[in-house]
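Beneath this line is the structure, given in C-alpha cells, with notes to follow.
The chain is numbered in sequence order, starting from 1. Model, not experiment: these values are computed from the prediction.
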Amino acid sequence: MEGKVDRRLYILAGFALVAIAVVAAVLISRSGGDDGDSTSASGGDSTTASSGGCKEVEAPEPKKVQLDAPEEGQVVEKGDEATVVMETSCGTFEIALDTERAPKTANSFAYLAEEGFYDDTIFHRVVPGFVIQGGDPLGTGTGGPGYSVDEKPPPSLSYTKGLVAMAKSSADPPGRSGSQFYVVTSPDAGLPAEYALVGKVTRGYDAVERIEKLGGPEEKPKQTVLIEQATVEKG
C-alpha cells in the first residue's frame, strides 16, 4: 500500500512539472508577441512623426549672400539639355531647364545651384492647390542672391502643374527674377505671363506632393522643408 502511494506521488509530481513547463512556455511566447507588437507600433509612430515621408529637420540659420550675376551662357547656353536635381527633406525631384525659351533665367538658376546657393535653404511658402515656393536664403520671402535677371516669359505661357518659374514682387517688372522660385501644383494657377520661366519638374513629382501636403496656416509649411542640395546635370 505504501509503495502504491509513493508511485502516485511520483506521477502527480511529474504531471505538476509538465504543467509548470507548459505555463512557462505560454508566458514566454506571449512576452515575445508583445515585444513584436511594440516594435510594430513604434514603427508606425515613426512614420507618423515623419509627416508622410518627410524627414524631421531643424530650420537652417538665415544666410546673407551677395553674388555677382553670372555671365551669359556661363553654366548653360541656349538649347543645352540641363537638369537641376533638388534633394529635399521630402525626397528628390528634378527640374528640366527650359534653356530654349528662357536661356538667361535657366543659366542663372543653374549658376545658383552650382554655387551651392540653394543648399540648406527652405521652402518657406506652401499653398496647397497652388504652389510651393523656396530659394530664399533668409527664409522669409524677402531675400535674394544680390543680383537680378530680366527675361520676360513667352506671352502665351500657362502656369500649369509641374511648371517651375521665378517669384517676384508686385513692384518688379515682368520677367525679373532673383533666386526665389516656385513649383506649380495646380492644374492651372491662372497667373499672368509675368513670372520668368525656369523649366518643368520631369521626375520625382511625388516629392513635390509631399511638400504640398505640409501646407499650413498663413501659407507656411507645418514643418521645416529643407533643400539639402541642388546640383546641375548636363546632357
Minimum heavy-atom distance between Gly129 and Ser186, given as atom pair plus value = O-CB, 3.1 Å
Val57: which other cluster members, linking ILVMFWY side chains closer than 4.5 Å, directly or transitively?
-> Ile122, Leu226
Only pairs at least two apart or in different chains count here, so list each side chain to side chain donor-acceptor pair (under 3.5 Å) that has a residue in residues 102-118.
-> Thr105-Glu151, Ser108-Tyr147
Listed partners of Asp188 passing side-chain hydrogen bond (donor to acceptor under 3.5 Å, both in side chains), at least two apart = none
Residues which pass side-chain hydrogen bond (donor to acceptor under 3.5 Å, both in side chains) with Thr121, listed by chain and number, not counting sequence neighbours | none
May I have the list of side-chain donor-acceptor pairs in residues 131-146 shorter than 3.5 Å, sequence neighbours left out?
| from | atom 1 | to | atom 2 | distance (Å) |
| --- | --- | --- | --- | --- |
| Gln133 | OE1 | Arg125 | NH1 | 3.0 |
| Gln133 | NE2 | Gln180 | OE1 | 3.0 |
| Asp136 | OD1 | Leu138 | N | 2.9 |
| Asp136 | OD1 | Gly143 | N | 3.0 |
| Asp136 | OD2 | Gly139 | N | 3.4 |
| Asp136 | OD2 | Thr140 | N | 2.9 |
| Asp136 | OD2 | Gly141 | N | 2.4 |
| Asp136 | OD2 | Thr142 | N | 3.0 |
| Asp136 | OD2 | Gly143 | N | 3.2 |
| Thr140 | OG1 | Thr142 | N | 3.3 |
| Thr140 | OG1 | Thr142 | OG1 | 2.6 |

Could you grab the distance from atom CD1 of Ile95 to atom CZ of Phe93, nearest 0.5 Å is fine?
-> 5.0 Å
Write down the atom of Pro153, the atom of Ala193, and the distance for their closest heavy-atom approach.
-> CG-O, 3.5 Å
Listed by chain and number, what are the side-chain contact (heavy atoms from CB on, under 4.5 Å) partners of Thr92, not counting sequence neighbours?
-> Val85, Glu87
Residues Glu56, Gln223; criterion side-chain contact (heavy atoms from CB on, under 4.5 Å); working and verdict = CA-CA 7 Å; Glu56 296 279 359; Gln223 71 179 64; 3.6 Å; yes
Can you find a heavy atom in the side chain of Thr185 that is under 4.5 Å from one in the side chain of Pro128?
-> no
Go through the steps for Thr202 and Glu94 under the test side chain to side chain donor-acceptor pair (under 3.5 Å), then give the verdict.
-> CA-CA 6 Å; Thr202 54; Glu94 298 182 6; 4.8 Å; no
Inter-residue atom distance Phe109.CZ - Met166.CE, 0.5 Å rounding | 6.5 Å
Roughly how far, to the nearest 0.5 Å, is CD of Glu194 from NZ of Lys152?
-> 9.5 Å
Using a 4.5 Å cut-off on heavy atoms from C-beta on, say whether the side chain of Leu214 contacts that of Arg210.
-> no
Not counting sequence neighbours, list each pair that qualifies as a side chain to side chain donor-acceptor pair (under 3.5 Å) and has a residue in residues 158-173.
-> Ser169-Asp172
Only counting residues at least two apart or in another chain, list the ones meeting ring-ring contact (aromatic ring centres under 6.0 Å, His included) with Phe123.
-> Phe181
Here the side chain to side chain donor-acceptor pair (under 3.5 Å) pairs for residues 58-83, sequence neighbours left out, are none
Check whether any side-chain heavy atom of Tyr195 sits under 4.5 Å from a side-chain heavy atom of Tyr182, and report yes or no.
-> yes
Test log, rule side-chain contact (heavy atoms from CB on, under 4.5 Å), inputs Thr88 and Ile211 | CA-CA 9 Å; Thr88 80; Ile211 296 171; 4.2 Å; yes
How long is the gap from OG on Ser148 to CZ on Arg176, to the nearest 0.5 Å?
-> 4.5 Å
Here the pair of heavy atoms bringing Ala110 nearest to Val75 is CB-CG1, 3.6 Å
To the nearest 0.5 Å, what is the distance between CG (Leu112) and OG (Ser177)?
-> 9.0 Å
Who pairs with Pro217 by side-chain contact (heavy atoms from CB on, under 4.5 Å), at least two apart in sequence or on another chain?
-> none
Non-hydrogen side-chain atoms of Val164 and Val201 separated by less than 4.5 Å = yes
Check side-chain contact (heavy atoms from CB on, under 4.5 Å) between Ala106 and all other residues, then give those that pass, not counting sequence neighbours.
-> Val76, Leu97, Thr99
Across all chains, not counting sequence neighbours, the side-chain contact (heavy atoms from CB on, under 4.5 Å) partners of Arg101 are Asp98, Pro154, Leu157, Leu197
